[in-house]
Protein chains: 2
Amino acid sequence: MDSFEVPEVVVLRLPLYVRALSQLRDGGTDVVSSQQLGSLLQMTPAQIRKDLSYFGRFGKQGRGYNVRFLLRELREILGLDREWRACLIGVGRLGHAIINYPGFSPEGFKIVAAFDGDPKQVGTQIGGFTVRPMSDLAETVKEMKISIGIVAVPASEAQGVIENLIENNVKGILNYAPVAPQVPMNTVIRNIDPVLSLQSMTFYLR
Amino acid sequence: MDSFEVPEVVVLRLPLYVRALSQLRDGGTDVVSSQQLGSLLQMTPAQIRKDLSYFGRFGKQGRGYNVRFLLRELREILGLDREWRACLIGVGRLGHAIINYPGFSPEGFKIVAAFDGDPKQVGTQIGGFTVRPMSDLAETVKEMKISIGIVAVPASEAQGVIENLIENNVKGILNYAPVAPQVPMNTVIRNIDPVLSLQSMTFYLR
DNA sequence: TAATGTGAAAACCTTCACAGCT
DNA sequence: AGCTGTGAAGGTTTTCACATTA
């Protein structure tokens with residue numbers, strides 16, 4: 001019933017609820033039960049109710065959850081009721097795709113600067129930004145209040161770049177490099193690696 | 001000790017071991033202990049030993065694991081000792097990035113065909129392929145022995161495309177669309193959504 | 001000595017089932 | 001009548017700790 005220590009698995013599921021609720025709202029649904037939400041997300045209603053109960057009592061017995069209300073609450077719990085500023089490190093093919101990905105900014109994640117370690121890339125234009133040298137990282141992070149670093153450099157450079165970000169007080173890392181970076185406990189890292197996803201998939205396809 | 005029913009969490013970690021072992025091998029390491037592997041991956045040695053014990057006894061007491069041997073065994077367990085053929089659905093910006101991503105084929109995942117539902121895209125060239133119409137899906141999947149579908153279409157079309165793939169006997173889906181698709185139990189789906197990753201990250205950054 | 005493999009214990013997470021509210 | 005919120009039960013996953021083996 002209170003929010004003392006929330007299991008990490010629960011936090012990982014909240015964005016799923018946010019997305020489903022947004023879709024329900026856009027579709028004109030005002031109220032939803034844990035049952036309906038569960039069939040939408042292929043989860044048990046009990047799990048959804050239990051997850052939500054870590055943060056408060058959002059539903060009405062006999063009725064269900066008000067979609068807009070629950071959505072607003074969950075967005076606030078996750079800290080999505082404000083804009084998050086990110087920088088991109090690495091402007092190769094992958095970096096280009098990331099900076100042009102239209103899915104971030106509607107959700108409040110704004111990429112506001114791009115860096116590259118390669119002097120040949122520095123000064124070039126990408127997605128409306130001029131690529132900066134790594135030596136500008138400290139100053140830019142501070143000036144632009146950047147709190148998230150998106151890492152799209154080759155595997156061999158990822159650990160160094162991530163350490164650089166952390167030294168500059170960037171505590172959230174979205175890592176696209178195919179490595180398992182070592183980070184201190186107060187840093188939050190999320191890895192995106194489609195190859196790992198495929199490699200665990202094939203176990204079941206064999 | 002035997003491989004009757006392996007927990008899914010364990011299967012999800014095996015690719016991590018494969019990647020770390022590949023890097024160790026490339027760095028010239030012949031033998032590794034669960035301790036060393038653990039510190040590389042930020043996991044406990046006990047977890048690594050327990051995970052491996054579901055599949056066999058790969059180590060030597062007092063010594064550790066032979067890197068090449070364990071790597072070969074794990075790759076076989078995951079079904080990575082053969083080539084997997086995939087098709088891409090959706091050749092927009094994201095589709096382009098996926099088809100040009102150089103990380104798949106060194107790991108044995110080959111994209112062999114590209115499709116799009118938009119008649120304007122059909123017939124155009126992308127990554128060395130001619131974009132095919134969705135009406136060719138059945139035939140192409142059979143002819144080219146495609147077992148994995150990579151979905152990079154807009155959210156609104158993802159569910160339909162995935163159903164289409166499943167009807168054509170594609171049992172592995174790598175989904176980049178920001179939706180939670182409904183799939184039958186014998187289908188293996190993996191979702192790639194950086195926005196969800198960011199949205200759970202911010203909970204800890206607030 | 002050094003590190004594996006593994007039962008048993010502990011921690012963690014999910015599901016049940018029902019009291020209680022609308 | 002219908003659905004939430006939640007203790008308790010049940011299941012799963014991780015960690016411990018040690019016998020065993022090279």
Side-chain angles (χ1 to χ4, degrees), chain A residues 1-17 20-21 24 29-71 73-74 77 180 185 200 203, chain B residues 1-17 20-21 24 29-71 73-74 77 180 185 200 203:
Chain A
M1 179 221 141
D2 80 9
S3 66
F4 185 63
E5 193 56 54
V6 181
E8 180 166 18
V9 272
V10 173
V11 174
L12 291 172
R13 282 192 293 264
L14 296 185
L16 256 31
Y17 303 151
L21 290 164
L24 286 169
T29 305
D30 289 330
V31 175
V32 70
S33 67
S34 58
Q35 180 68 244
Q36 297 172 285
L37 206 46
S39 80
L40 225 51
L41 292 171
Q42 314 233 76
M43 312 168 47
T44 67
Q47 179 161 75
I48 291 171
R49 295 201 304 275
K50 183 58 122 184
D51 283 358
L52 297 178
S53 78
Y54 283 101
F55 302 97
R57 300 141 68 95
F58 304 116
K60 282 217 185 3
Q61 279 152 326
R63 194 169 282 286
Y65 301 89
N66 178 296
V67 171
R68 284 166 183 276
F69 172 70
L70 181 55
L71 183 53
E73 292 289 316
L74 290 181
I77 289 163
M185 270 182 13
S200 69
F203 178 80
Chain B
M1 178 220 142
D2 82 6
S3 68
F4 183 64
E5 192 58 54
V6 180
E8 181 165 19
V9 273
V10 173
V11 175
L12 291 173
R13 281 193 294 264
L14 296 186
L16 255 32
Y17 303 151
L21 290 165
L24 286 168
T29 305
D30 289 331
V31 175
V32 69
S33 67
S34 59
Q35 180 68 244
Q36 297 171 284
L37 206 46
S39 79
L40 225 52
L41 292 171
Q42 314 232 75
M43 314 171 44
T44 66
Q47 180 162 71
I48 292 171
R49 295 201 303 276
K50 184 59 124 186
D51 283 358
L52 297 178
S53 79
Y54 283 101
F55 302 98
R57 300 142 67 94
F58 304 116
K60 281 216 185 6
Q61 277 151 326
R63 191 168 285 285
Y65 300 90
N66 178 296
V67 170
R68 284 167 183 277
F69 172 69
L70 181 55
L71 182 54
E73 291 290 315
L74 290 181
I77 288 163
M185 269 183 11
S200 69
F203 178 81

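Here is how names work: the chains are called A, B, and so on, in the same order as the sequence lines, proteins then strands, and each is numbered from 1. Note that the structure is a prediction, hence the values are computed from the model and not measured.
For B/Leu40 against B/Ala20, the heavy-atom pair with the smallest separation is CD2-CB, 4.5 Å. Across A/Phe203 and B/Ile77, no two heavy atoms sit closer than the pair CD1-O, 3.4 Å.
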(message) Dot-bracket, 5' to 3', for DNA chain C please: Watson-Crick or G-U pairs under 3.5 Å, [ ] where pairs cross earlier ones, | where the partner sits on another strand, dots elsewhere.
(response) ||||||||||||||||||||||
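Counting heavy atoms from C-beta outward, A/Leu71 and A/Tyr17 have side chains that stay 4.5 Å or more apart.
What separates CD1 of B/Ile48 from C1' of C/dT6 is a distance of 16 Å, to the nearest Å. The interatomic distance linking A/Gln36 (CD) with D/dG2 (C1') rounds to 12 Å, in whole Å. When the P atom of C/dC12 is taken as reference, atom CG of A/Leu12 falls 16 Å away, rounded to whole Å. D/dC3 atom P lies 14 Å from atom CG of A/Leu37, rounded to whole Å. In this structure, A/Glu5 atom CD and C/dA11 atom P are separated by 15 Å, rounded to whole Å.
Contacts of B/Ser39 classified as side chain to side chain contact (heavy atoms under 4.5 Å, CB included), with partners at least two apart in sequence or in another chain: none. Qualifying side chain to side chain contact (heavy atoms under 4.5 Å, CB included) partners for A/Val9, counting only residues two or more places apart in sequence or in other chains: A/Pro7, A/Arg13.
For the atom pair CG of A/Leu21 and OG1 of A/Thr29, the computed distance is 10.0 Å after rounding to the nearest 0.5 Å. The OG atom of A/Ser53 lies 12.5 Å from the CD1 atom of A/Ile48; values are rounded to the nearest 0.5 Å. Note that the CG atom of A/Leu52 and the CZ atom of A/Arg57 stand 13.0 Å from one another [nearest 0.5 Å].
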Check: residues 58-70 of chain B side-chain donor-acceptor pairs under 3.5 Å, at least two apart:
from    : atom 1 : to      : atom 2 : distance (Å)
B/Asn66 : OD1    : B/Arg68 : N      : 3.1
B/Asn66 : OD1    : B/Phe69 : N      : 2.9

Listed pairs under 3.5 Å, donor-acceptor, residues 30-38 of chain B side chains, sequence neighbours left out:
from    : atom 1 : to      : atom 2 : distance (Å)
B/Ser33 : OG     : B/Gln35 : N      : 3.4
B/Ser33 : OG     : B/Gln36 : N      : 3.1
B/Ser33 : OG     : B/Gln36 : OE1    : 3.3
B/Ser34 : OG     : B/Arg49 : NH1    : 3.2
B/Gln36 : OE1    : B/Ser33 : N      : 2.8

Just the atom pairs and distances: protein N or O near nucleotides 12-15 of chain D's N or O, under 3.5 Å.
from   : atom 1 : to      : atom 2 : distance (Å)
D/dT14 : OP1    : B/Arg13 : NH1    : 2.9
D/dT14 : OP1    : B/Gln47 : NE2    : 3.2
D/dT14 : OP2    : B/Arg13 : NH2    : 2.8
D/dT14 : OP2    : B/Gln47 : NE2    : 3.4
D/dT14 : O5'    : B/Gln47 : NE2    : 3.3
D/dT15 : OP2    : B/Thr44 : OG1    : 3.0

Under 3.5 Å, which protein N or O atoms sit close to an N or O of nucleotides 1-4 of chain C? Give each pair with its distance.
from  : atom 1 : to      : atom 2 : distance (Å)
C/dA3 : O4'    : B/Gly62 : N      : 3.4
C/dA3 : N3     : B/Gly62 : N      : 3.4
C/dT4 : OP1    : B/Ser34 : N      : 2.6
C/dT4 : OP1    : B/Ser34 : OG     : 3.4
C/dT4 : OP2    : B/Ser34 : OG     : 2.7
C/dT4 : O2     : B/Gln61 : NE2    : 2.7

